[in-house]
Amino acid sequence: MFHKILIANRGEIACRIIDTCRRLGVATVAVYSDADATARHVALADEAVHIGGPAPRDSYLRGDAIIAAAQTTGAQAIHPGYGFLSENPDFVDAVEAAGLTFIGPSSQAIRAMGLKDAAKALMEKAGVPVVPGYHGAEQDPAHLAGAAEAIGYPVLIKAVAGGGGKGMRLVEAAADFSAALDSAQGEARTAFGNPAVLIEKYIQKPRHIEVQVFGDGTRAVHLYERDCSLQRRHQKVIEEAPAPGMTAEMRAAMGDAAVRAAEAIGYSGAGTVEFIVDGSDGLHPDRFWFMEMNTRLQVEHPVTEAVTGIDLVEWQLRVASGEPLTSRQEDIPLRGHAFEARLYAEDVPAGFLPATGTLTHLHFARGARADTGVRPGDAISPWYDPMIAKIIVHGPTRAIALSKLRAALAATEVAGSVTNLSFLGALARHEGFGAGEVDTGLIGRDLAGLIEAAEPGLAVRALAVLGAAGLADGGPGLSGFALWAPLRRTVTLDGLSATVEVRAAGHAVVTIDGEEADCRLRTGTWWVNDRPAGARVVLTPGTVSVFGPGAYHFDLVDPLDRQADAAGGGLTLSPMPGLVKAVHVAAGQVVSAGDRLAVLEAMKMEHTLTASRDGTVAEVFVAAGTQVEAGAALVRLEEEDAA
Ligand code: ADP
Ligand code: ADP
Ligand code: MG
């Protein structure tokens, strides 16, 4: 075993790798950017080396600086985590040329799976079923359109160099093909520097089921499947193992195919073979197809750890340090059921818009595993993935594991940024999901209902009002209030106006838009209209948060600010720091509410900014290629007529 390794990553995955190293007595070296000088992964590691500026290309993507850091600290090996350099074969070559060990597969294996078209060709040869489609070299639009016609609509256009759902377009009919091809190629060129695409049959009622594999370069085993069908924008939201409805026959067929894929490239270390499955009529061994292989540890690996009891990072370290794989396929246990929910700083109703902020309050449930890279007081910065934590639960059955997930989400508290916590809670309570009826379209189909289910009810709003009035902590606050303040008070909170009437110590009536909430504090718990609210109120500067189930944040806005806001209603500001990718309007142009004004790239995603009302563009302050700060003015509309 190694005595010291360097972790070329940040955030939760760096922390998670350090945990295993500590258990195995392996010393750790962290690397960090200017933005991460005080980050949790730096604090946890035995040593830390500064490697550059906050932008990934100036730090976490600087292979040379990372290798130099390993050499000066005497680390023997480098663990890449996921993202960043983890699937970069040139980096692997450089690490090995420097006399260090890369904790992961060989550069040849990464290259073999790096491009989706070549990987599919290779898998076909190895006898692994691949999605029907065209993955040849010819990129002429007419040829590709012909291929789409031959495959039959609907089809999916995919960037061969793609990842993270980028450069992918669903095309329903021939008439839309050419425009979709253009935009897929454009996105692929900017994101990956490679415009090549392939065309695939779009599988109906698709389920994303992937198989965890592990090899030692000669032999491979699988550690069963994970179902990752709950996705938005082709990105995973909740993952589980095993897959609902999985049969022994299907599992054996998928496991065999995945092991064949790994052995075909002499795979060493942890990898994931992703399959798309036709779930329109149960699971059948002849209805799954290879999509791609991720040659690294996957974000959702903890669900596999939960059901197998195996520490995948420990296995990675053992195999990389030269130990052979000792487990046989039949030795690998599969026990119970596990879920992982990805908790992000993001604004779900605004279209899953990534958010930033300082986490003024942070609390995770006991009884669940929380893999996180942040502590209370840490910031979610605009530079990296806005993940706050992964919440992982395990139970003897799917139903028990799911109720543990609901409880764990309900007990999670984050203030200082908007999060997807309420949305995750609504998803965990979704009836179809509860019944195991998952497919990749579930979130999209039921988005409105999921967002609505995540809206704050009367009890939550009433508690927020009590919080804003300084009464949420109950008895002492309430009686104090009665002594010095009028018995009846108006409270203005983000989006709602209410009155609070204190009736007695521990008893107040909150009226919001004519609805009355009778709030009574009984042995430390708020009851609203004779039902326990089961919620906690947390005050942080400028905000009242109400937690459990769900997380709701209310700004303590000054009504004057709101007027100023209305006056500036024609101004579109950048919601976060980022790069302006495109500007769709020019001065003098007439726009309608909802029209695209500009596209901003930030936090690995593209965000379309739209007109908030009808009007005429007065000024455009930026051009494609401009780097902007949060709050920068982008586009101004002419003032509306006083009439
Ligand atoms: P996985 O396929 O492991 O589930 P995702 O699909 O969610 O991972 O993420 C896809 C890619 O997004 C990752 O391979 C990585 O390139 C990038 N990514 C995700 N999280 C991070 C992060 N914290 N830092 C850097 N890159 C990340
Ligand atoms: P990425 O490299 O961006 O992760 P993938 O090829 O893994 O790209 O596909 C991402 C997601 O897109 C899948 O998880 C699935 O939801 C959807 N998808 C991919 N291929 C198909 C297909 N042929 N039919 C239907 N959905 C698909
Ligand atoms: Mg994928």
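Order of listing sets the numbers, starting from 1, for every ligand and every atom in it. Note that the numbering runs from 1 along the sequence shown for the chain. Every heavy atom of this structure was used, including side-chain atoms; hydrogens, water molecules and symmetry mates were not.
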Within ligand 2, which atoms have a heavy atom of Thr440 less than 4.0 Å away?
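Answer, ordered by atom number: 16 (O).
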Is any NZ, NE, NH1 or NH2 atom of the basic residue among Glu305 and Lys390 found under 4.0 Å from an Asp or Glu carboxylate oxygen of the other?
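Between Lys390 and Glu305 there is no salt bridge, as every charged N stays at least 4.0 Å from the carboxylate O atoms.
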Atom of Glu292 nearest the Mg ion (ligand 3) (restricted to N/O/S, atom name only):
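Answer by atom name: OE2.
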Which donor-acceptor pairs under 3.5 Å do side chains of residues 248-269 form with protein atoms, sequence neighbours excluded?
unit_1, atom_1, unit_2, atom_2, d
Arg251, NE, Glu225, OE1, 2.9
Arg251, NH2, Glu225, OE2, 2.9
Arg260, NE, Ala126, O, 3.3
Arg260, NH2, Gly127, O, 3.1
Glu263, OE2, Ala220, N, 2.9
Tyr267, OH, Ala270, O, 2.8

What I want to find out is whether Asp439 reaches Arg445 closely enough, with some N-O distance under 4.0 Å, to be called a salt bridge.
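Between Arg445 and Asp439 there is a salt bridge, with a charged N closer than 4.0 Å to a carboxylate O.
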Which one of Gln204, His234, Glu210 has a non-hydrogen atom at the shortest distance from atom 17 (C) of ligand 2?
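The residue whose heavy atom sits nearest atom 17 (C) of ligand 2 is His234.
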Taking the Mg ion (ligand 3) as the reference point, name the nearest N/O/S atom of Glu274.
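Output for this pair reads OE1.
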Going by salt bridge (charged side-chain N to carboxylate O under 4.0 Å, His left out), name the residues that satisfy it together with Asp216, two or more places apart in sequence or in a different chain.
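If we apply the salt bridge (charged side-chain N to carboxylate O under 4.0 Å, His left out) test to Asp216, skipping adjacent residues, there are no hits.
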Between Lys201 and ligand 2, find which residue part has any heavy-atom pair under 4.0 Å and reply side chain, backbone, both or neither.
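Under 4.0 Å from ligand 2, Lys201 contributes backbone atoms alone.
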Any carboxylate oxygen within less than 4.0 angstrom of a Lys/Arg side-chain nitrogen, looking at Arg111 and Asp90?
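Salt bridge between Arg111 and Asp90, a charged N being under 4.0 Å from a carboxylate O: yes.
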Can you figure out which of His208, Glu292, Met293 has its heavy atom closest to atom 4 (O) of ligand 2?
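The option holding the nearest heavy atom is Glu292.
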Here's a test for you: under salt bridge (Lys or Arg N to Asp or Glu O under 4.0 Å), which of Glu274, Glu200, Glu292 qualifies with Lys120?
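Option passing the salt bridge (Lys or Arg N to Asp or Glu O under 4.0 Å) with Lys120: Glu200.
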Check this for me - ligand 2, Tyr202, N or O atoms closer than 3.5 angstrom, yes or no?
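Between Tyr202 and ligand 2, no N or O pair is found under 3.5 Å apart.
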